[in-house]
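Note sheet for the following structure.
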Amino acid sequence: MKDKDHTMFGVRVYNTKTKQHGVLIYTWKNRFSTNGGGYIDIPYACCVDMNGKKYDTEIDNLTPLDD
């Protein structure tokens, strides 16, 4: 976990992968190794779904919701 950020704490989001609403807790960059021996950082988010279950997902799967 790298560059943990709580700036967007509390933003309501829609997860396009799971088709569920939730609340964003924090974001970070998840580092993966590549076949070439380098690394790639993928933006991730920690969220809580409407049932109170915490989960991690790629930021690209989330859409912010308006109140």
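Quantities reported herein were computed from a predicted structural model and do not represent experimental measurements.
- When the options Val11, Thr27, Asn15 are evaluated for a side chain to side chain contact (heavy atoms under 4.5 Å, CB included) with Leu62, the one that passes is Asn15.
- For Met50 against His21, the heavy-atom pair with the smallest separation is CG-O, 3.3 Å.
- Remark: Glu58 CD to Thr16 OG1 distance equals 10.0 Å, nearest 0.5 Å.
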Report, one line per pair, each donor and acceptor closer than 3.5 Å where one atom sits in a side chain of residues 36-46; sequence neighbours left out.
unit_1 : atom_1 : unit_2 : atom_2 : d
Asp41  : OD1    : Arg31  : NE     : 3.0
Asp41  : OD2    : Lys2   : NZ     : 2.9
Asp41  : OD2    : Arg31  : NH2    : 3.4

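- Cluster membership for Phe9 and Val48, using ILVMFWY side-chain heavy atoms within less than 4.5 angstrom, is shared.
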- prompt: For Lys19 and Tyr14, what are the C-alpha separation, side-chain angles and deciding distance, and is it a side-chain contact (heavy atoms from CB on, under 4.5 Å)?
  reply: CA-CA 7 Å; Lys19 310 291 189 230; Tyr14 177 74; 3.2 Å; yes
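- Linking ILVMFWY residues whenever their side-chain heavy atoms come closer than 4.5 Å, directly or via other members, places Ile25 and Trp28 in the same cluster.
- Scanning for side chain to side chain contact (heavy atoms under 4.5 Å, CB included) contacts around Lys53 gives Asp49, with sequence neighbours left out.
- For the atom pair Arg12 CZ and Cys47 SG, the distance stands at 13.0 Å (nearest 0.5 Å).
- Expressed to the nearest 0.5 Å, how far CG of Asn61 lies from CG of Asp56 amounts to 12.0 Å.
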